[in-house]
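Each ligand, and each atom within it, is numbered from 1 in the order the structure gives. Every heavy atom of this structure was used, including side-chain atoms; hydrogens, water molecules and symmetry mates were not.
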Amino acid sequence: MLMKYIGAIGLGLMSITAEAQVSIIPQPQEVKMGQGVFRMNDHTVIMSAREFRDVAVLFSGQTGIRMMKDKAVGMIRFTKLNKASLDTNAYILRVRPSGVELQASGVQGALYGMQSLLQLIRTQPDPKVLPVLEIRDSPRFAYRGMHLDVSRHFFPVPFIHKFIDLMALYKMNTFHWHLTDGAGWRLEIKKYPKLTQQAAWRTHAYCMDWWANGRKYLEAGNPNAYGGYYTQEEAKEIVQYAARRGITVIPEIEMPGHSEEVLAAYPHLSCSGLPYQSSEFCLGNDSTFTFLEDVLNEVIAIFPSKYIHIGGDEASRKAWKSCPKCQQRIRNEHLKNEDELQSYGIRRMEKYLTGKKRKLLGWDEILEGGLAPEATVMSWRGEKGGITAATEGHDVIMTPGGYCYFDAYQADPATEPPAIGGFLPLSKVYAYEPVPAELDTAKARHILGAQANIWTEYMPATYQVEYMAFPRMLALSEVLWSRKEQRNWDDFKTRLQKHYGILQRLNVNYYRPSYQLQIKTQIDQQRKTTRITFDSEQYQPQIRYTLDGSRPTAASALYTGPFEITGSAKVQAAIFKDTALQGRPAGLPVDYHKAIGKKVTYNEPWSSSYPAQKEATLVNGYRGSLTYGDGQWQGFLGKGLDVTIDLEQEETLTSLSIGFMQLTGPGVYMPPYVEVLLSADGQHFAPAQKVENDIPASHSRLAFKDFIFDLKGQKARYVRVKAPTQKGFLFTDEIIVY
Ligand code: ACM
């Protein structure tokens, strides 16, 4: 990595431009390279201020470098500054030819500096030779979180330690432990032993098998039972283990929904009084609150975190609607409806937590029916909840699905182990900006940070959790730690190469960088040109391409940087190692077609949940990617798609093409057919052609289809395209007209 800096910086460092061996992730705020090196040897020892002894012990454990009380040659010193001169999260790390000095005013800063030093050592060609430098560093966001769902699958304590160690290495500071859900209760609660004798065990090991086969629980000890839980002693040990590494553990105890495992063990807490009927606690029943308060009492005694997460997401109102107790509660409390009943439950829990000097944290559904006064919101259904909450003066942690759900695919689903859906490649995580543009500076202060969520429906074992978490966590750590203007994808990728080595040595089953090429286009509507950029997760790949649709060979044009196309081309590109093509070529028809930038009238509205780029979506020259959540796929419900494009003048039309996707899990289907009609006046339309769908509704895996029309040189100014829904959603990205 090339580091440029200007100005004298003292301490014998010189003002130079240096090819430096610094590959720290997240990128520190300031790195100044000097000249020369510090050589460690067998006499190198660590000397630490008393306050940072524990940090130094961790460092010693990781490196094998001894701790020493007395003066010794080749020193690594951890020294304490007073708080007035340095923020407690900040550190200064200096490498001089005579040794290393790490300065901090608090343990947190010392830990971060220690992790930077550790990374510096682990990324050098010779780990005993460190370059002379000075790093000054502190985080951008106070909340840098990783969530882990241990209900869908249970992961043993040693893995939780490993996960925490990896978080610490990358300066993440909050572990959101999703301990309870329908798939299993995972924390010992002494007052309610059935939670772990029964609700922690189920009939099928793989979560999706259990889901598809009756979703029943078993007694602990049944030889067919899958499950497990953490004892209170284990949970306390994990809290301490994390705290020593600067990480706060926030427990999540789900309510009022996602609680079918509790209701199977204690059915009197459900509206029906029976097990296996609903997932929601009965909120009309005071026993529910007694139970939840009892559970939280034990949780609070284990977890010292300021925040306690109470879930709050995806609670069905169905059972409450026909439950006399819930309806009585609605009347007694003068609530308007079941939304307000949920809100009543959350407020009541908030009051309880506040009384215990804790703060309530919940998913963005806690906004529905009125937000509890002091609550902090995790915005997961996009950024909307976060924007609303911040605008109302509540603190927010951003976890929007499109950027922070690490259960989504990170490459083409056809090449990946099964995942829940979506498409969240490393580059998209890296591009995430936690502060929505809608918020002004004052409101933006409520955005405490962001968090990646790892829901484990499709992660039956620790190796799969690692695969989904890494290296995406490294990208998020840089989003949350480094300054916004410091973020640079190419530079990150360069540093990442060294971290793949670290992850290998730590036996982490990280996702290996794909050979898949992404072809990015940028339309210039003035000049009617398309700028083409190729990107890949590979480091400095040799990319060769053609523009005539032919398969690239080792003799094809070498890509040296973005280029422009006027008119249309069939771009094909691939990565080569020497002369061998790697993976599969990527192809994209680049069309500066007749409809780009033209006015589109919606005879039927798009779904308000998936507006994409609104009126511009279907004629902006951009195709969607592998997920309908990417802002280029527009969604339609009900009557489906019915739009009219005004080409501004009569045109001779040769062809039209429109793409749809199918992914039946979330209810996305092809239209049964697509119809094109033409008109000279925008009033009277004549049918031109109808193209039938040939992808069956039973095809559940992700599928794409372009419906292609031969318009045979007909003349028209207005083009109308109709595509009814089959069931659920339609998603389309572009109408390409020639
Ligand atoms: C969630 O993903 N249900 C918070």
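Annotation: Y467 is in aromatic contact with Y511 [ring centroid separation under 6.0 Å].
Residues passing the side-chain contact (heavy atoms from CB on, under 4.5 Å) test with Y241 are H161, I164, D165, E237, R245, sequence neighbours excluded. Residues satisfying the side chain to side chain donor-acceptor pair (under 3.5 Å) criterion with H309, sequence neighbours excluded, are absent altogether. Checked against side-chain contact (heavy atoms from CB on, under 4.5 Å), D412 has the following partners two or more places apart in sequence or in another chain: A414, T415, Q516, R584, L626.
Stacking of R348 on the aromatic ring of F289 is recorded, both the 6.0 Å distance cut-off and the 45° axial limit being met. Because its NZ or CZ atom is not both nearer than 6.0 Å to the ring centre of W489 and within 45° of the ring axis, R487 does not count as a cation-pi partner of that residue.
Contact residues for ligand 1 (protein heavy atom closer than 4.0 angstrom to any ligand atom): D313, E314, W363, W380, Y405, W455.
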